[in-house]
Protein chains: 2
Amino acid sequence: MITIKDVAKEAGVSVATISRVLNNKPGVSDETREKVLSVIKRLNYNPNLLGRNLRRMETKMVLVLLPAISNPFYARIVKGIEDVAQKNGYGVMLCNTDSDIERERMYLELLKNKLSDGVIFMAPEIDEEELNDIGEKYAVVQCCEYKEGANVSHVSIDNYKASYKAVKHLIGLGHKHIGLISCKNNFLSTKHREAGYKKALEDSGIEFNPCYIRHGDYSFKSGFRAAHGLLNDFKEITAIFAISDIMAIGAIKACYENGLKVPDDIAIVGFDNISFAPMYNPSLTTVSQPKYDIGCTAMELLIKQIKNKGGNKENIVLEHELIIRQSTVK
Amino acid sequence: MITIKDVAKEAGVSVATISRVLNNKPGVSDETREKVLSVIKRLNYNPNLLGRNLRRMETKMVLVLLPAISNPFYARIVKGIEDVAQKNGYGVMLCNTDSDIERERMYLELLKNKLSDGVIFMAPEIDEEELNDIGEKYAVVQCCEYKEGANVSHVSIDNYKASYKAVKHLIGLGHKHIGLISCKNNFLSTKHREAGYKKALEDSGIEFNPCYIRHGDYSFKSGFRAAHGLLNDFKEITAIFAISDIMAIGAIKACYENGLKVPDDIAIVGFDNISFAPMYNPSLTTVSQPKYDIGCTAMELLIKQIKNKGGNKENIVLEHELIIRQSTVK
DNA sequence: TTGTATGCGTTATCAT
DNA sequence: ATGATAACGCATACAA
């Protein structure tokens, strides 16, 4: 392996000079700099960052923990994170937690072991307390999903308002019996979206029927089953709001298999505006989150924290948008 | 920051002993070991892996370069990679190249800079020569997509046979005018899938019509446009084979918007069996790759190379499967 | 402008 | 069974 010493010897200067050239530091004559660069090129030298990282006690790498890369919702967010990271000289390590707390803890070791300068959680599995502990020692940002109790920055939309708007859209189309496909989990977003649904009904003088709520697990199948159950049990239902696009798509599929046409016989609204939403048949009305901006903002927050050694706790709420497509409008 | 020295001082032993305990090495009395462990716990000590990595000149991390994490095709492959990695004490860094050669090269720096012990390419952008150079110095495996010329291991399916089988399925259903939605790229898989299409026609005595081939770019929209064009120009077409599920889904959408029902008026076959294939409306007939196994195999190959310092060039072909769903069978 | 020398945290070799 | 110490590759404070 070629090291900085080899380059120094070959160029006839000291390692300090090589280091200066590598890091674009001043105090090197143009002549020397050029000679060094040519030797670096000739020897095909690549600095060993293990040495640099140890010395500087930083890695210029950040961790992004996501429940599943297969979830298309995260794609644009990650892009935002990556773009801001790159602009600031940071690399991004994407890590699948599978919503498994052990796997999440495993990856968090990378943080504790100094292999990463900070972490962005897409949906933390660990509880408020553990999150708080980590937040006190390391740079941490929560993105989209977050724990309320923890004193850790987050960036997200207002899920309550977004859900309210989606259900109001259905009510505006004349629907009075609106099913809800929610999830049985502890996500704050879930709680907020359910609350928004109820508030929209209430504000429109429609009585809330708890039986109209079914619970899935964000999967296509669970959306399918939930819709199937709703349609079987309550013939009067003419619209369904699902708190995720994938479950909404499962619901549409269930409608068709029950002989109901969307949107003619039943209207469906999703949440997230994943890339498949406009591709589906029919295309899906849904709530769009500013995913790219969310990612950018999260990374910016993280970098600020890294620079300020953990200060700067901030919570940022970005704007959502209701996108109306074929699944609700005849 | 707590270091190994602090632990040593607190436990009243030398750093060497701490290191032995940390690495589960023999030559430490049970008594001492226990004392050390208790001190480690009490001080909440986390070993700084920057030191270890420099010393051992390895990181126990591998790079996985994918064109886009948003492509659902990669999800199961990555899971296979991760599972095998974890079993062997390796961490996985997922990196989005966006099919951008510069971004790809940027991430390859992590390899050259010793921040990663090896790399798995899902679809290399760099050419044979550059790939070869990297393969000579570092542990490299190509997964699914690969460059033929490069002397670098790969694992994939037989795309020629798979494509042949898919088209034969359509012919078996009585279709004689079969459109092909391919891609304009340099992927070997594309070439092989086109060749399989032609060979299937030929073997069945159906004349190949070059005009029946349209080119997309793996996107939904490109599939939509390609199908739209085919249907407009050639009313006799009753079936379309797309070399990716996403384009196939675009094609189905185009059929519906042209007033054609799938599969009643036209049959569609995709390729990859992404998670959305069974969810679509209608569900999609497609070629399934053993994605999880492909991922596992790639990672196993990579670990072998890391251990053998670059030896062990191997090419492995795994079995595919045609999955028949609603989009072809009435 | 350039060089010398120290240390980052760890592991591993060689003593004891 | 345990300890002292050199080394890994690099950046940097200080000297020249």
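Order of the sequence lines fixes the chain letters, A, B, ..., with proteins taken first and strands second; residue numbering starts at 1 for each chain.
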(request) Give a yes or no on whether a salt bridge exists between B/Asp83 and B/Lys79, defined as a side-chain N under 4.0 angstrom from a carboxylate O. (result) yes

(message) Parallel, tilted or perpendicular: which one describes the rings of B/Tyr218 and B/Phe187, with boundaries at 30° and 60°?
(response) tilted

(request) For A/Asn71 and A/Phe73, indicate whether the former's side chain and the latter's backbone hold a donor-acceptor pair under 3.5 Å. (result) yes

(message) Just verifying a value: how many Å separate B/Asn185 CG and B/Thr190 OG1, rounded to the nearest 0.5 Å?
(response) 3.5 Å

(request) Please determine if B/Arg103 and A/Glu82 form a salt bridge, counting it only when a charged side-chain N lies under 4.0 Å from a carboxylate O. (result) yes

(request) State, with a plain yes or no, whether a side-chain heavy atom of A/Phe121 is found less than 4.5 Å away from one of A/Leu108. (result) yes

(request) Could you tell me whether A/Glu58 and A/Lys114 have a side-chain N and a carboxylate O separated by less than 4.0 Å? (result) no

(request) Please list, in 5' to 3' order, the outermost nucleotides of DNA chain D lying under 4.0 Å from any heavy atom of chain B. (result) D/dA1 to D/dG9

(message) Counting primed atoms plus P, OP1 and OP2 as sugar-phosphate and everything else as base, spell out the protein contacts along nucleotides 8-16 of chain C at 4.0 Å heavy-atom distance: B, S or - for each nucleotide, 5' to 3'.
(response) BBBBB----

(message) Any side-chain to backbone donor/acceptor pair from A/Gln142 onto A/Lys147? Under 3.5 Å, distance only.
(response) yes

(message) Please report the end-to-end axis angle for the helix from C/dT1-D/dA16 to C/dT16-D/dA1, five pairs per end, rounded to 10 degrees.
(response) 40°

(message) Let me confirm one number: the SG-CE distance from A/Cys95 to A/Met106, rounded to the nearest 0.5 Å.
(response) 7.5 Å

(request) Look at atom NZ of B/Lys35 and say whether more than 12 heavy atoms of other residues, nucleotides or ligands are closer to it than 6.0 Å. (result) yes

(request) Establish, with yes or no, whether the OP1 or OP2 oxygen of C/dT1 is under 4.0 angstrom from a side-chain nitrogen or oxygen of A/Thr17. (result) no

